[in-house]
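Data first, discussion second: the structure below is written as structure tokens.
Nothing fancy with the numbering, it's 1 onward along the sequence. One-based numbering, in listed order, for ligands and for the atoms of each. Nothing here was measured: the structure is a model prediction, and the numbers come from that model.
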Amino acid sequence: MTNKLIFSGVQPTGNLHLGNYLGAIKQWVKLQNAYKSIFCVVDLHAITVPQNPVELKKSILELAAAYIACGIDPEKAIIFQQSDVKEHTELAWILGCNTPLGWLNRMTQFKEKSGKNKENAPLGLYGYPVLMAADILLYNTNLVPVGDDQKQHIELTRDIANSFNQKYGKDVFTIPEPMILSQAKRVMSLRDGTKKMSKSDESEYSRINLSDDAETIRSKFKKAQTDSIAEIYYDLENRPAISNLLTIYASLADITIEQAQAKFANFQFSNFKTELAELAVEKISPITKKFNELKNDTTELQKILDKGAQNARTIAEKTIKQVKGVVGF
Ligand code: TYM
């Protein structure tokens, strides 16, 4: 166990998919044994796009259940709901007053999420990365284990922390580093190997959800995009779809992409896809089973989140006190 702390989070906006699992949560399960760990259900981030309140409430508890079903142990790691610790919004405001618009204008996720009508996008969506910086900096986080798509936000967090420390002449914030461990750091859509696997893709066949049953998983892999070259080999640039499938296999099997490529070199696509689907079923079914057992025990889940919030608050209160002090409040 090191003294270093890791912090990460997922938005409670519906089903978790294989990208969330392989890119982030599967790594957290290993890391919780080596680091002080905090895993957040980032509900304040979720409302930067429209949410149905009844669904959101359900999704928050379900995400806590999914963390545990994937292997996060609430006895080892802090699991909590972001809006339960008010210091996140307090620090976000203070950091927002120290973040130039130019930095936020560079954030690619805002450009993607706000779509064509930027004038109608809410302020919260624009300020989203500042809230994420607050999440990370509140806990003196050393490392942030995430998928590739969050790297830019962590770089911004570093810039915000450095400029704040410099402005007030004090090392108030620890400078965090992104931790991108997984070879599946960017899992792509099963329908289009050039697009990220995402909760918001309108095609259910683009992603494997952790709640999918075995038949659904098999059928999604069967229909997964391939290309016209008969051989199976990894070439991310020219063969994104097949490279994505090899990456998913390697990551599920805990082997390297080279090993996966060697294993399937003489396979036909259909046989490779069958093996991939069977491995996915083997790895995902126990998670789904555990998730289904846990998700209805809302009293227990709420208890875990309450205890997590209490523990998170102890750290967050100290940081915000220090920040308020240097700002002059
Ligand atoms: P979110 O909810 O979009 O995704 C949660 C985690 O899953 C990873 N991920 C992927 N990894 C590989 N391939 C994919 N296709 C894929 N899709 C998603 C993400 O990189 C992420 O690690 N802003 C964050 C949540 C957040 C956060 C934080 C994270 C809020 N505050 C502080 C770390 C620290 C987000 O929207 O993640």
**Study point:** Val10 contact mode with ligand 1 (heavy-atom cut-off under 4.0 Å)
**Key:** both

**Study point:** Nearest option to atom 19 (C) of ligand 1, as decided by whichever heavy atom of Asp149, Val146, Thr157, Ile136 sits closest
**Key:** Asp149

Check your understanding: Going by atom types only, do Gln302 and Asp306 share a side-chain donor-acceptor pair under 3.5 Å?
Key -> yes

Check your understanding: Do any nitrogen or oxygen atoms of Asn20 lie less than 3.5 angstrom from nitrogen or oxygen atoms of ligand 1?
Key -> yes

Review point. On the ring face of Tyr233, is Arg239 found with NZ or CZ under 6.0 Å from the centre and within 45° of the axis?
Key: yes

Exercise for review: Run the ring-centre check on Phe110 versus Tyr128 and record whether the distance is less than 6.0 Å.
Suggested key: no

Exercise for review: Can you label the angle between the Phe164 ring and the Phe173 ring as parallel, tilted or perpendicular, going by 30° and 60°?
Suggested key: tilted

**Study point:** ligand 1 atoms in contact with Ala184 (distance to a heavy atom under 4.0 Å)
**Key:** 12 (C)

Point to revise | Top protein contact for atom 31 (N) of ligand 1, by heavy-atom distance | key: Asp135 OD2, 2.6 Å

Review point. Looking at Lys220 and Asp212, does any basic side-chain N land under 4.0 Å from a carboxylate oxygen?
Key: yes

Check your understanding: How close does the nearest protein non-hydrogen atom get to atom 25 (C) of ligand 1, and which residue and atom is it?
Key -> Gly9 O, 3.6 Å

Review point. Would you say Gln268 has more than 12 foreign heavy atoms packed within less than 6.0 Å of its CD?
Key: no

**Study point:** Test item: side-chain donor near acceptor, Glu204 and Asn209, under 3.5 Å
**Key:** yes

Review point. Arg186 heavy atoms, cut-off 4.0 Å: which ligand 1 atoms fall inside?
Key: 12 (C), 13 (N)

Practice item. Check each atom of ligand 1 against the heavy atoms of Lys185 and keep those under 4.0 Å away; list them by number with element. Key: 11 (N), 12 (C), 13 (N)

Review point. Is any N or O atom of Met197, backbone or side chain, closer than 3.5 Å to an N or O atom of ligand 1?
Key: yes

Practice item. Name the closest protein heavy atom to atom 13 (N) of ligand 1, giving the residue it belongs to and the distance to 0.1 Å. Key: Val187 N, 2.8 Å

Review point. Can you list the atoms of ligand 1 that are under 4.0 Å from a heavy atom of Tyr128?
Key: 23 (N), 24 (C), 35 (C), 36 (O)

Review point. When only distance counts, is Gln109 in polar contact with ligand 1, meaning an N/O pair under 3.5 Å?
Key: no

Review point. Going by atom types alone, do Lys76 and Asn33 pair a side-chain donor with an acceptor below 3.5 Å?
Key: yes

Practice item. Output the list of atoms in ligand 1 that are nearer than 4.0 Å to some heavy atom of Val144, sorted by atom number. Key: 33 (C), 34 (C)

Practice item. Answer side chain, backbone, both or neither: which part of Ala24 comes under 4.0 Å from ligand 1, heavy atoms only. Key: side chain

Exercise for review: For Gly23, counting its heavy atoms only, list the atoms of ligand 1 lying under 4.0 Å from any of them.
Suggested key: 11 (N), 12 (C)

Point to revise | Basic-acidic side-chain contact under 4.0 Å: Arg186, Asp149 | key: no

Check your understanding: Taking atom NZ of Lys170 as the centre, does the number of heavy atoms from other residues, nucleotides or ligands within less than 6.0 Å exceed 12?
Key -> no

Exercise for review: Decide whether an N or O pair under 3.5 Å exists between Met188 and ligand 1.
Suggested key: no

**Study point:** Of the listed options His45, Gln11, Gln150, Lys196, closest to atom 24 (C) of ligand 1 (non-hydrogen atoms)
**Key:** Gln150

Check your understanding: Any side-chain donor-acceptor pair under 3.5 Å between Ser163 and Gln166?
Key -> no

Study note, to complete from the structure: Here the atoms of ligand 1 under 4.0 Å from any heavy atom belonging to Gly147 are 11 (N), 19 (C), 20 (O), 22 (O)

Review point. Hey, is His17 one of the residues with a heavy atom under 4.0 angstrom from ligand 1?
Key: yes

Check your understanding: Heavy atoms only: which of Ser200, Ala133, Gly19 is nearest to atom 16 (C) of ligand 1?
Key -> Gly19

Point to revise | Pair Lys26 + Asp254: basic N to acidic O under 4.0 Å | key: yes

